[in-house]
Amino acid sequence: MNHAIDATSNHARHLTGDRLRALVVTAPGINCDRELGEAFAAAGAEPEFVLLDVLRREPSRIDAFDLIGLPGGFSFGDDVAAGRVMAALMRREVYPAMRAAIERGTPIICPCNGFQIAVQAGLLPGPVSTVHGGAWPDTPARPSMALSQNQSARFHDGWTRVEIPANTRCLWTAGLECTGDDALLPSAHGEGRFVTSEAELVRLESNGQVAIRYAAEANFNGSMGAVAGICDPSGLVFGLMPHPERYLHWTQHPWWTRMDRSWRATHEPLGLRMFRAAVAHVHRTQSGASSRSRSSMPRR
Amino acid sequence: MTLPPALARRSPDVKGERAPAVHRIEVWTSLGQVDSRSCAVTRLARANGVIGDVRAVAIYLIEGDLSQDELATVADSLLADPVTQSARIRAAGTQRADQSDVVDVVAIEVHPLAGVTDPAAESVQEAIAVLVGATVTVRTGERLEFRGVLREAARQFVERFMANAVIQSIHDGAYWPESLPHGHDYQLSIREVPIRALGDAALERMSREAHLFLSLDEMRAIQAEYRRLGREPREIELETLAQTWSEHCVHKTLKSQIAYTEPTGAGQGPSLLAHAQGKPGHSVDGATLRIDNLLKSTVAAATNALIGRIDPPAGCEWTRETAPIDWCLSVFVDNAGVIAFDDEHAVCFKAETHNRPSAIEPYGGAATGIGGCIRDVMGTGLSAKPIAATDVFCVAPVDTPTHEVPRGCLHPKRILSQVVAGVRDYGNRMGIPTVNGGVWQDARHIGNPLVFCGVIGVMPRSCVAGEPKRGDLIVALGGRTGRDGIHGATFSSAEVEHGHSTEFSHAVQIGNAITEKRALDAILEARDQPDGPLFDGITDCGAGGFSSAVGEMGKDLGATVHLEQAPTKYSGLSPTEVWISEAQERMVLAVPEGKLARLQSICDAHGCELSVLGTFGSDDGCIRLLWHGTEVGSLDTHFLHEGIPEPTRVAVWDPAYNAQFAPARSKKEAGPGLLGTVRTLLAHPNIASKAWIIRQYDHEVQGGTMVKPLQGVNAGPGDAAVMRPVVGSRRGLAIGNGLATGLAADPYLMTLAAVDECVRNLVCVGADPSRIAILDNFCWASCDDPRNLGGLVRAAAACLDAALAYRTPFISGKDSLKNQFRGDDGTLIQIPPTLLISGFGIVNDIEHACTMDAKRGGSALIAVGLTQPGMDGSVRATLNDGGSLEESMPVCDPVVGAATARAVAGLIRDGLVLSAHDCSEGGVLVAAAEMAFAGGLGVRVELGRVPHAPGTSREACAFGESPSRYLLEVDPARAAELSERLAGLPHAVIGNFTQEEAMELDGAVVAMRELRAAWESGSEAGS
């Protein structure tokens, strides 16, 4: 981890009263942690990078954060299947603290490998309202969906057109304007084909838990329902195969050199706007609970 | 994460104790689920005439005491996905049950050989230790079930396409051994090798049979040294000398004294003798040009002159008064060359080849090639963070008929798809974007594919240099040492023969990227401590392993090494094997004793293994090797590094001999008409889309790839990439390359063209041509043949001339000089002389970067640079009616090339250029078509307007590949201003871009969609 170079390093951190704290979980093979940190920083939160090994020993460290990110990469090599080993390691010691964070109202973003981990670690799609009264179970639920090998059986890097369902309850994406050349996100994965049962897909769709989709003819990995990302029923936990954290600057867009300079000056890229939405959400909920200490009290 | 204590040392089998039982877990895709892997294998089988269905099943062999419950936990929560897969658990002891094939199903399994790195198994072992607290040994494999296929056909398919006997074994039916292979005990025996009494013939025989690959002169030098010492060398000492003196490590050909002769008047390129006057290290002795230390007098001399260390050689365009380049921070001394990026940061670049291993096992060869290059960057100065990678592959045509592939060689299509997979799996896992590269197909790469890997890193300027201090601990960090890769360095000094592939299979390795990623994360954290780095020096274990790394770091200080302290993958390694093993993912650090504890805790947190091997510094400057306290070897560092004899080598420039290296004619038809030829060329493998490769690489990880390899709305072929090395800074770094193998008939002209192309590529994306640094990678057939060496000398001479003219210092380089293949019938296939120029340059403001996709209908298309009559070396000339074309090579004038680059860069910097594209393979019309379809536009060209020299044919204007040419898209309103600024350089408006999505050439028209489809067809053909 390159502390001296990245503006978002722990060493450069100056905690101020109103900067939110964002946890970026790292582990061997996680490799999109720095850009996820950069995204939180660009949206106004202070990223801190903590190794999974540390969290497994001290899960309570999670309690201090206002936002959480499970980054992309190849955790533990993705050797058996993407995210499998990391999810297995998270289920026992880390899940309870993550669950508590969600119940406290902490937004969590899980791009790419993070998404693959989240669905296997019981963090997505979250509780079903008819089971246990809609509460998070004490132990991680058995996965009800998978991110399987792309239809091509091959890793693929490219930008694809995306759409945000009008009914989504995902606080990271709901209501974001998503049009024209800006309605693209980068993806880079070999195992991103969203698979679940037809019934579960219908349930997620009708419950507003589909947070983002590939646009027509952009469903390159063959996902069911063209699902690119989903959220839990609270809308806090957002998992998606694309990488919004790689789309914070116009110069990251694949044809930014074609875009009008003045238009670029007055608009923000879709990726950055997702992080801004989450940070704004936390500010909103915290100002509603301003009399309480931020990190130790429940907000809802 | 911390390595569970149980894994920190895997206990070797103790004799007499029963080995734990082996469980077998199979992971099947559930019925009704899409099974992409099986579909892909089925497609591959059908494409190769095996018509039937194939089902792929993942196999895990687990040796250890696990209960049924524990096995179920492992199967359900770790190995199988609950939604899409199901696991079959076969507990130990049930081996003999259920082994027969089901009717109609032929089962074949592929498993890694004992000792071959199995990264998935290592991850599973680690996860099992955490999940159920058990220490187990795991091996993985794959079961392929064929339906409707005869066993013989299935087996043949697996042998040819799914497995490599060098690293894998193929089993009919289930492989389920009683126990997994482990190491054995090792009893120390110190072997002396009697050498003092040997005659020349015996010395040569020993060199070959012991795989030392040293010349007779070198064997004699070693003999003399041991006669002087009054004893025989021990095996470990001889091995160390062989590694250190290998071509790979010491560049002995490029550093030798040269006696060069050339014929008078023949050949197209210039005479070196006529231009030797005033060049460093050059002297003319009658008809012979003598050059002291070829590398130092050419490639390095250019850099030394540019940075002001030596006077500018005669004939230079600039003088002593020109301000020397002050941004080269470390050249030729470290694992990578380093230049300044901004006031606080430096960037470094290293490019290497991994040709031999890739010929034998392309997947592992390419993966460990990129892995080694990454470690070079991690081992530069006090470590740099890798931010980008490059790859260039030269292979035989992928459509070579199978019966034309010589015995002992893999099919080029398999080689290409596997080297791509190797770079993909290693680079993607490391999180390093592969952003630039190329593929060149030539039949003479059939036995010698070339695999170039490059890595760029960024570091604080305070970390540019480091060196071990006396008393520092020798710390090994990262992967464990195994028997893998022994003799890799000496292997690169040998010619490939049919039969080599088995003899040298131990030189082939599989990498484990996550082991290296852990080491990288730990090292960067240790570097960036508030009170400074926790280490004084660092280098990687590459060729030669510890012997090179410790030998290099300890060359001024000496060292004491306790070889038994190195963690090994299995027991039974001898001290010699530990010392010279080239096992991957290992770094060596020089650590002050007081900082060891902090380093240890960082490594623990990242799950990176660390061991202390000894101490730097000894009284006599020797490197002393110990095994449990017993001295097993002692090496005089002076003799080790300076003792290699430097004979004078004879080099003969023979243009007629070298003419064989011109590209061969292909069977592809040109036309009909010029536009028909445009379509043919766009589909040519050396021009067609490489998207199938580029998209398998995560070329955007780290979020810093601001100009990507595919550009525009339709993803056209970019000239170079632009990275953002420093988060928050607008300064960019362009990364590109130049390769002009088409001109191999004269390596002098080829080299000028390659440097020119590299500069052009970088300029086209917005690099400042006064801030470009380059690297050389020479790949040649054997230079024991004076005629091949003659070509190499000409290439080196051109490196000097080109670097001085463009003011692009060489900062690092590498060579691979035995690229020839001898078939079992004795035929010799030599590769054409190949020089890859890799380059990077500063882009002062990323916002001013430029791409090649045409932006607007109506804008003007301007050609800059003169088209020459010569068509030799062009892709057009390789088509089967190329014989009617002007047979001469276009000549690069580097002074003109440099002036053109400066002018174009100025236009781009000042925002006058909407898009810019290098005019290279395929010529003007191909470049114009690429710009148009990348931007979703059409283009109209008037060929007669292309600036050309007298006597240039229409065909040459259309498809010639003269150097120093650019195509620019410009707002017509500013064309006059642009023309003024290009005064003195050939340029003209040759047409304009249109909204029509058609290419119009002097009245003839073809739909853009057709051209784009032709270009994209390369993607399907290649994959």
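When reading the values below, keep in mind they use all heavy atoms of this one structure, side chains included, and skip hydrogens, waters and symmetry mates. Letters go in sequence order (proteins before strands), and every chain restarts at 1. Predicted, not measured: the structure shown is a model, and the values here were computed from it.
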Can you say whether A:H249 sits under 4.5 Å from chain B via the side chain, the backbone, both, or neither, judging by heavy atoms?
side chain
Looking only at B:R424, B:R724, B:Q33, B:E847, most heavy-atom pairs under 4.5 Å shared with chain A are made by B:E847
The interface call for A:I30 against chain B, heavy-atom contacts under 4.5 Å, is backbone
Mind checking whether A:F49 and B:E525 have side chains closer than 4.5 Å, heavy atoms only?
no
Under 4.5 Å to a heavy atom of chain B? For A:A81 that would be neither
How far does NZ of B:K517 sit from CZ of A:F76, to the nearest 0.5 angstrom?
12.0 Å
Is there a donor-acceptor contact under 3.5 Å from the side chain of A:Q252 to the main chain of B:G703?
yes
I need the B:R37 CZ to A:S148 OG distance, nearest 0.5 Å.
15.0 Å
Between A:F155 and B:Y697, which heavy-atom pair has the shortest distance, and what is it?
CE2-C, 4.1 Å
Check step by step if side chain to side chain contact (heavy atoms under 4.5 Å, CB included) holds for A:Q149 and B:D35.
CA-CA 8 Å; A:Q149 238 185 5; B:D35 182 352; 5.6 Å; no
Testing B:N428, B:V701, B:D698 one by one against A:N31 for a side chain to side chain contact (heavy atoms under 4.5 Å, CB included), which residue passes?
B:V701
Using a 4.5 angstrom heavy-atom cutoff, name the option from A:R91, A:E245, A:H156 with the most pairs to chain B.
A:H156
Tell me, with the steps shown, if B:R429 and A:D79 meet side chain to side chain contact (heavy atoms under 4.5 Å, CB included).
CA-CA 10 Å; B:R429 278 179 169 72; A:D79 288 318; 4.0 Å; yes
Non-hydrogen atoms of chain B under 4.5 Å away: do they reach the side chain of A:T257, the backbone, both or neither?
both
Part of A:W250 lying under 4.5 Å from any heavy atom of chain B:
neither
Please check if the side chain of A:R258 supplies one atom and the backbone of B:R856 the other of a donor-acceptor pair under 3.5 Å.
no
Contact class of A:M145 relative to chain B, heavy atoms under 4.5 angstrom:
backbone
Do any pairs count as a salt bridge (Lys or Arg N to Asp or Glu O under 4.0 Å) and have a residue in residues 190-201 of chain A, sequence neighbours left out, and if so which ones?
A:E200-A:R203
So, taking the atom named CD1 in B:I514 and the one named CG in A:D78, what distance separates them when rounded to the nearest 0.5 Å?
7.5 Å
Report yes if the side chains of A:W159 and B:E700 come closer than 4.5 Å at any heavy-atom pair, otherwise no.
yes
Do the side chains of A:R56 and B:V130 get nearer than 4.5 Å, heavy atoms only?
yes
For chain A, which candidate among B:T84, B:T140, B:L78 shows the most heavy-atom pairs at distances under 4.5 Å?
B:L78
Student check: side-chain heavy atoms of A:D53 and B:H606 closer than 4.5 Å
no
Measure A:S75 against the heavy atoms of chain B and call it side chain, backbone, both or neither at under 4.5 Å.
neither
Interface moiety of A:N150 toward chain B, non-hydrogen atoms closer than 4.5 Å:
backbone
Scan B:T705, B:V722, B:I846 and name whichever one has a side chain to side chain contact (heavy atoms under 4.5 Å, CB included) with A:T251.
B:I846
A:R154 backbone acceptor or donor facing B:Q696 side chain under 3.5 Å:
no
Proximal component of A:S197, with respect to chain B [non-hydrogen, under 4.5 Å]:
neither
Using a cut-off of under 4.5 Å for heavy-atom pairs, which of B:A58, B:S123, B:A121 has the most such pairs with chain A?
B:S123
Do B:K708 and A:D157 sit within salt-bridge range, that is, some charged N less than 4.0 Å from a carboxylate O?
no
